[in-house]
Amino acid sequence: VLVKVYASVGMFDEAVDTLFKVKRGGILLSTNTCNYLMNQLISWEKLDMLESVFRQLKRKGLVPNVYTYGILVKGFCRKGCLEEALDVFRKMKEDGVEPNEFTYGTYIDGLCSNGRVDSGFEFLKSLRVANVQMNVYAYTSIIRRYVKELKLQDAESVLLDMKNAGVVPDVTCYGALIQGYCKTGNILKALALHDEMESTGTKTDCKIVSAIMQCLCKLGLLAEAACRFMDYMELGVFLD
RNA sequence: UGCAAGGGAUG
C-alpha cells in the first residue's frame, strides 16, 4: 500500500487511482495511508482532489479519524474556504470524533493566514470559555500574524494573555515577537524580550540572533553586533 | 521515535 503513495511523493497523483484499486484486490487499505495521501495533495496544491479522496475513503467504509479531519480543515483553510473548514467540525462531531488541539490549532492558523487574525483570537478565547485550552502553537500563529501586520501591541497582549492562561511561550513564540521588534527598529524591546526568554531557561537560536544582528547593523551599532556575535558563539548557539 | 498545524534576511 505504501508503494502507491511513494508515487505521489515524487510524482503525480495517479496514486489516487492506484490506491483505490488496491481495495478491489482485497488488500487492506488504511485510513493512515489516505491521510498521508491527502496531506501530500495539499502540499501539491491539488485541493479539489482532496474532497474526492475523502468521499472515496468514506465510500470504501474506512473510518476517518481526528487526523483525517485535521487535514481537511487545513485544506479548506488553504483554499480560503473558512466556512467549509468550520463545517468540518460539525461533521466530525456528527461522526463521533472529537476535535483536538491540532484541529482547532489548524483552523485558528487558517483564520490568521486569511487575514482574520482578530477572529482567530476570538475563537481561541471562546474555546477557553468552553474549557478547551489551546497550546503554544495556536497562540504563536496569532502573535506571528499580528507581528506581520506590525501590530506589535496586539501581539504583546496575546503574549500576556497566554501567560495568564498558564501557557508557556517557547523559543518560536518569543522569536516571532523579537523579530517583529527588530523589524521596526525597536532594539531595546527586542533585547528585553530576549533577556526575558533566556531568564526562563529558553535558549535562543540562530534565527533570533540573526534578526538581532541585522537590527543592530541597520542601526549602525556594528561594534555591539560583533560583540554579541562572539558571545553567542562562545555560548554554543548554533549560528549559520 | 509510524500519519496533520506555528517564526527572520535583496536568501
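Worth saying up front: this structure is predicted, and the values here are computed from it rather than measured. Labels below follow one simple rule: chain letters A, B, ... track the order of the sequence lines, proteins then strands, and each chain is numbered from 1.
- When rounded to the nearest whole Å, the span between CH2 of A:W44 and C1' of B:A4 equals 19 Å.
- Taking only side-chain nitrogens and oxygens, A:K74 comes nearer than 4.0 Å to OP1 or OP2 of B:A5.
- With hydrogens and angles ignored, a donor-acceptor pair closer than 3.5 Å exists between the side chain of A:D205 and the base of B:G7.
- A straight line from CZ of A:F54 to P of B:A4 spans 18 Å, rounded to a whole angstrom.
- At a cut-off of 3.5 angstrom, counting only N and O atoms as typed in the model, there is no donor on one side facing an acceptor on the other between the side-chain of A:S141 and the base of B:G6.
- Using a 4.0 Å heavy-atom distance criterion, A:V171 is classed as a base contact.
- Counting distance only, with no hydrogens placed and no angle test, the side-chain atoms of A:N135 and the base atoms of B:G6 include no donor-acceptor pair under 3.5 Å.
- Using a 4.0 Å heavy-atom cutoff across all strands shown, A:N39 reaches sugar-phosphate atoms only and no base atom.
- At a threshold of 4.0 angstrom between heavy atoms, the contacts of A:D109 are confined to the sugar-phosphate backbone, with no base atom among them.
- Distance from the side chain of A:N100 is smallest for B:A4 among the nucleotides B:C3, B:G6, B:A4.
- For the pair A:I142 CD1 and B:A5 C1', the interatomic distance rounds to 13 Å; values are reported in whole Å.
- In this structure, A:M92 places its CE atom 11 Å from C1' of B:A4, rounding to the nearest Å.
- To the nearest whole angstrom, the two C1' atoms, one in B:G7 and one in B:C3, are 24 Å apart.
- Each of B:G7, B:A9, B:A4 was ranked by its minimum atom distance to the side chain of A:Q214; first place goes to B:A9.
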Salt bridge (Lys or Arg N to Asp or Glu O under 4.0 Å) between A:E156 and A:K189, intermediate numbers included: CA-CA 11 Å; A:E156 191 88 41; A:K189 274 299 285 183; 3.7 Å; yes
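- Checked against a 6.0 Å centroid threshold, the rings of A:F89 and A:Y69 do not count as neighbours.
- Atoms CG (A:L124) and C1' (B:A5) sit 14 Å apart, rounded to a whole Å.
- To the nearest angstrom, P of B:G6 lies 16 Å from CE of A:M162.
- At the heavy-atom level, A:I208 lies under 4.0 Å from base atoms of the strands shown.
- For A:L72 and B:A4, the CG to P distance is 15 Å, given to the nearest whole Å.
- In this structure, A:T31 contributes its side chain and A:P64 its backbone to no donor-acceptor pair below 3.5 Å.
- For A:Q133, the CD atom counts as densely surrounded, since its 6.0 Å shell holds more than 12 non-hydrogen atoms of other residues, nucleotides or ligands.
- With centroids closer than 5.5 Å and planes inclined by less than 30 degrees as the test, A:F102 and the base of B:A5 fail to qualify as a stacked pair.
- Between A:S157 and A:D154, the side chains place no donor N or O within less than 3.5 Å of an acceptor N or O (distance only, hydrogens not considered).
- Atom CE of A:M134 and atom P of B:G6 are 13 Å apart (whole Å).
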